[in-house]
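Worth knowing before you read on, the calculation uses all heavy atoms, side chains too, and leaves out hydrogens, waters and symmetry mates.
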Amino acid sequence: MLSYERPKQIGPIAKESGVPIKTIRYYEELGLLQAVGRTEGGYRLFGSDVFTRLSFIKRAQSLGLSLAEIKEFLAVHDQGELPCDHVRVKLQDKISDIDRQIQQLQILKSELQGLLSESAILENSDTLICPIIQ
């Protein structure tokens with residue numbers, strides 16, 4: 001026999017997931033989550049799958065993926081496919097971005113070390129603010 005979990009309101013979802021109510025509403029507004037209905041009082045109701053989606057969203061964000069990228073993955077999933085090929089491509093792009101940032105930071109570090117190693121004349125001057133930088 002299949003067990004059926006009753007849809008839950010946003011408050012208990014927020015409490016169980018650790019995601020603020022405001023954030024859940026924002027995710028719904030972006031189309032990342034979809035309420036399964038409303039109470040007579042107009043409160044949103046979510047199915048139990050919302051926890052899986054919130055967990056996926058949080059993990060994907062922690063990996064540097066944008067909400068737009070996450071929305072694309074969820075759309076693929078909602079069509080009945082695993083979005084793993086799409087995720088793999090995006091993660092590879094992130095690794096390439098990190099490599100470029102590391103290279104730029106190493107260049108900046110070398111420049112800063114060069115400025116500090118130069119024997120700058122540290123005299124007061126009315127025209128210079130700091131001889132190390134200028």
Side-chain angles (χ1 to χ4, degrees):
M1 180 173 156
L2 293 174
S3 66
Y4 172 74
E5 278 193 49
R6 295 180 57 178
K8 294 181 178 179
Q9 292 184 12
I10 198 168
I13 297 291
K15 189 173 183 180
E16 284 184 50
S17 67
V19 177
I21 290 173
K22 192 174 181 178
T23 302
I24 294 172
R25 287 184 185 133
Y26 180 63
Y27 290 166
E28 183 190 19
E29 183 182 312
L30 294 178
L32 300 171
L33 301 175
Q34 189 170 10
V36 295
R38 298 256 180 181
T39 66
E40 289 181 16
Y43 294 103
R44 294 168 177 84
L45 293 171
F46 292 95
S48 60
D49 68 324
V50 72
F51 293 108
T52 302
R53 291 177 83 92
L54 285 172
S55 176
F56 180 80
I57 293 167
K58 288 167 55 176
R59 176 68 176 137
Q61 282 187 301
S62 75
L63 295 172
L65 296 168
S66 70
L67 291 176
E69 292 167 329
I70 295 167
K71 185 176 180 179
E72 290 175 20
F73 304 150
L74 291 172
V76 172
H77 176 266
D78 291 345
Q79 293 172 358
E81 298 176 31
L82 290 177
C84 297
D85 290 340
H86 301 276
V87 169
R88 188 171 285 113
V89 169
K90 291 292 182 184
L91 293 181
Q92 189 59 50
D93 289 347
K94 294 290 177 197
I95 291 170
S96 297
D97 288 345
I98 290 169
D99 288 340
R100 276 191 292 276
Q101 289 174 0
I102 289 171
Q103 187 178 19
Q104 290 171 345
L105 288 172
Q106 287 174 333
I107 291 169
L108 177 60
K109 181 181 177 183
S110 293
E111 184 178 353
L112 295 173
Q113 288 173 328
L115 289 173
L116 290 175
S117 66
E118 292 176 1
S119 56
I121 300 169
L122 300 176
E123 296 179 11
N124 278 340
S125 170
D126 292 338
T127 59
L128 297 176
I129 296 173
C130 176
I132 295 172
I133 293 177
Q134 296 172 329

Assess whether side chain to side chain contact (heavy atoms under 4.5 Å, CB included) is satisfied between Leu45 and Gln9, documenting all intermediate values.
-> CA-CA 5 Å; Leu45 293 171; Gln9 292 184 12; 3.7 Å; yes
Report the C-alpha distance between Arg100 and Asp97 in whole Å, list the side-chain angles of each, state the deciding distance to 0.1 Å, and finish with yes or no for salt bridge (Lys or Arg N to Asp or Glu O under 4.0 Å).
-> CA-CA 5 Å; Arg100 276 191 292 276; Asp97 288 345; 2.3 Å; yes
Go through the steps to decide whether His86 and Glu72 satisfy the test side chain to side chain contact (heavy atoms under 4.5 Å, CB included), and finish with yes or no.
-> CA-CA 9 Å; His86 301 276; Glu72 290 175 20; over 6 Å; no
Show the numbers, then the answer: is there a side chain to side chain contact (heavy atoms under 4.5 Å, CB included) between Tyr27 and Leu67?
-> CA-CA 9 Å; Tyr27 290 166; Leu67 291 176; 3.9 Å; yes
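Here the options are Lys15, Lys22, Arg25, the test is side-chain contact (heavy atoms from CB on, under 4.5 Å), and the partner is Ile10; only Arg25 passes.
Side chain of Lys58 to main chain of Ser17: a donor-acceptor pair is present (N/O by atom type, distance under 3.5 Å, no hydrogens or angles). In this structure a side-chain-to-backbone donor-acceptor pair under 3.5 Å is present from Ser110 to Gln106. The closest donor-acceptor contact from the side chain of Lys71 to the backbone of Leu30 lies under 3.5 Å. For Lys94 (side chain) and Gly64 (main-chain N/O), a donor-acceptor pair under 3.5 Å exists by modelled atom type.
One hydrophobic cluster holds both Ile70 and Tyr26 under the rule that ILVMFWY side chains link at heavy-atom gaps under 4.5 Å.
The two atoms that bring Ala14 and Ile21 nearest to each other are CB-CG1, 3.6 Å, heavy atoms only. Considering all non-hydrogen atoms of both residues, Ser117 and Gly114 come closest at OG-O, 3.1 Å.
Rounded to the nearest 0.5 Å, atoms CG (Leu112) and CD1 (Ile133) are 9.0 Å apart. The line from OG1 of Thr23 to CG of Leu54 is 9.5 Å long, rounded to the nearest 0.5 Å. Note that CG of Leu33 is 8.5 Å distant from CG of Asp49, once rounded to the nearest 0.5 Å. In this structure, Leu74 CG and Glu69 CD are separated by 12.0 Å, a value rounded to the nearest 0.5 Å. Between the CD atom of Gln34 and the CZ atom of Arg53 there is a distance of 8.0 Å, given to the nearest 0.5 Å.
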